Amino acid sequence: MTWDEVNGVIVITLPDDFDKDANLGYLTREKNECMYAIENDVITKVIAIGEIRSLVQINVMNNKQMNVHFLNDSRPIEKWKREEVVNYIYEWFDLNNDLTSFFEMAKTDPLLKMPAQKFYGLRVIGIPDLFEALCWGVLGQQINLSFAYSLKRQFVEKYGDSVEWNGKKYWVFPSYEQIAQLTPTDLADIKMTVKKSEYIIGIANLMADGALSREQLMNMSFKDAEKSLLKIRGIGPWTANYVLMRCLRFQTAFPIDDVGLINSIKLIRNMDRKPTKDEIVELSCPWKNWESYATFYLWRVLY
DNA sequence: ATCCAGGAAAGGA
DNA sequence: TCCTTTCATGGA
């Protein structure tokens, strides 16, 4: 990690293969996103780490540097707390990752060649908070993205906290402690299906009991982490791999049945039918150890 | 109104 | 382990 503090502003030096427009382009693509706001290349967001809640503005200056300001006197006095905020930003943008070999591989890959050029410097944007990532995975099952974003917003606005600044609210994702107290009927009025409500409340209970945490999963091998996630009700192969990819940052995570992935491959290869699973397995051979990056770039072609 | 979609669970072999 | 069926609901 390369960062510094100048007059209360955190200055993060970005890795070589970071592209400002590619990453901001991804973040601004969904107007109904409720977990951050972006205006003039400045991201405003509450970064919550346990009890610590910092309302920050992340100013992406160029491809080399990000400046992080704390708003509302939310700058933690203790250095280790500020360090946690910086950690979050590193996780969010995958700043510790060296993408050189991904782009090297993508140059000659029939599927990745175009997206890797078009979106060069895009990182797999993470969801560092495990509960948020799991909820987003479960929420997004079976429905289109716009409905998924609407569901997330309703869920967050009903059970999350917010911090106000300049007349605007910035949301904190609901805590698993709080959601663990709910019953499925509590979630009925936000158009969440009973099953999804049960899944989310079940996950919240596991986390509240200490039976499931980011730390535990991070200390496992990819296969073991996948297995423990699959044991949880409501989490199938798609959700497990989605979370392994976006929260735990296992690069080999690969939601191979994802419809977006299928459609992207169909589009790039100009096929008149969907590729079969066997075909995708074959096509993904060159992606070894970069499956999650490959998937993310292919998704970006569609959305 | 009818059908399809895109995930997971449950049941069966 | 690997199918097939069922489920619930929004969108075309």
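Letters go in sequence order (proteins before strands), and every chain restarts at 1. Source: prediction; values computed, not measured.
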Report task. Kindly point out which of dA8(C), dG10(C), dA8(B) is positioned nearest to the side chain of Pro237(A)? Result -> dA8(B)

**Report entry** Pairwise ring pair (Phe, Tyr, Trp, His ring centres under 6.0 Å) hits with a residue in residues 28-57 of chain A, at least two apart
**Finding:** Tyr36(A)-Trp92(A)

Query raised in the report: If you find the nucleotide of DNA chain B closest to Ile143(A) and the one closest to Ile235(A), which residue's nucleotide is nearer the 5' end?
Result: Ile143(A)

Query raised in the report: Does a nitrogen or oxygen in the side chain of Thr193(A) sit under 4.0 Å from OP1 or OP2 of dC7(C)?
Result: no

Report task. Report the distance from atom CD of Glu198(A) to atom P of dT9(C), rounded to the nearest whole Å. Result -> 11 Å

Query raised in the report: Can you say whether the rings of Trp238(A) and Tyr242(A) are parallel (under 30°), tilted (30 to 60°) or perpendicular (over 60°)?
Result: parallel

Report summary line: Among the nucleotides dG7(B), dA8(B), dA10(B), whichever has the atom closest to the side chain of Tyr199(A) is dA8(B)

Query raised in the report: How close or far is atom P of dA9(B) from atom CG of Asp257(A), stated in whole angstroms?
Result: 14 Å

Query raised in the report: With a 6.0 Å cut-off on ring centres, are Tyr26(A) and Phe296(A) close enough?
Result: yes

Query raised in the report: With a non-hydrogen cut-off below 4.0 angstrom, is Lys274(A) in contact with a base, only sugar-phosphate, or nothing?
Result: sugar-phosphate

Query raised in the report: Who passes side-chain hydrogen bond (donor to acceptor under 3.5 Å, both in side chains) against Glu132(A), sequence neighbours left out?
Result: none

Requested in this report: Would you please indicate yes or no on a ring centroid separation below 6.0 angstrom for Phe173(A) and Tyr159(A)?
Outcome: no

Query - Closest to the Trp238(A) side chain, choosing from dG10(C), dA8(B), dA10(B) - result: dA8(B)

Report task. State which of dA10(B), dG7(B), dG10(C) makes the closest approach to the side chain of Phe147(A). Result -> dG10(C)

Query raised in the report: Between dG10(C) atom C1' and Lys191(A) atom NZ, what is the distance in whole Å?
Result: 9 Å

Query raised in the report: In whole angstroms, how far is the C1' atom of dG10(C) from the CG atom of Leu145(A)?
Result: 14 Å

Requested in this report: Report the distance from atom NZ of Lys196(A) to atom C1' of dA9(B), rounded to the nearest whole Å.
Outcome: 14 Å

**Report entry** 5'-to-3' dot-bracket of DNA chain B (Watson-Crick, G-U; under 3.5 angstrom; crossing pairs as [ ]; | other strand)
**Finding:** .||||.|||||||

Report task. Tell me whether the guanidinium CZ or amine NZ of Lys45(A) lies under 6.0 angstrom from the six-membered ring centre of Trp165(A) and within 45° of its axis. Result -> no

Query raised in the report: What integer distance in Å separates Leu139(A):CG from dT9(C):C1'?
Result: 14 Å

**Report entry** Proximity to the side chain of Asn144(A) - top-ranked nucleotide from dA9(B), dG7(B), dG11(C)
**Finding:** dG11(C)

Requested in this report: Determine whether Tyr149(A) and Lys31(A) make a side-chain contact, defined as any pair of heavy atoms from C-beta on separated by less than 4.5 Å.
Outcome: no

**Report entry** Sugar-phosphate only, base, or nothing, as touched by Leu151(A) at under 4.0 Å among non-hydrogen atoms
**Finding:** nothing

Query raised in the report: Rounded to the Å, how far apart are Leu229(A) CG and dA9(B) P?
Result: 12 Å

**Report entry** Length of the line joining Ile262(A):CD1 and dG7(B):P, which is rounded to integer Å
**Finding:** 8 Å

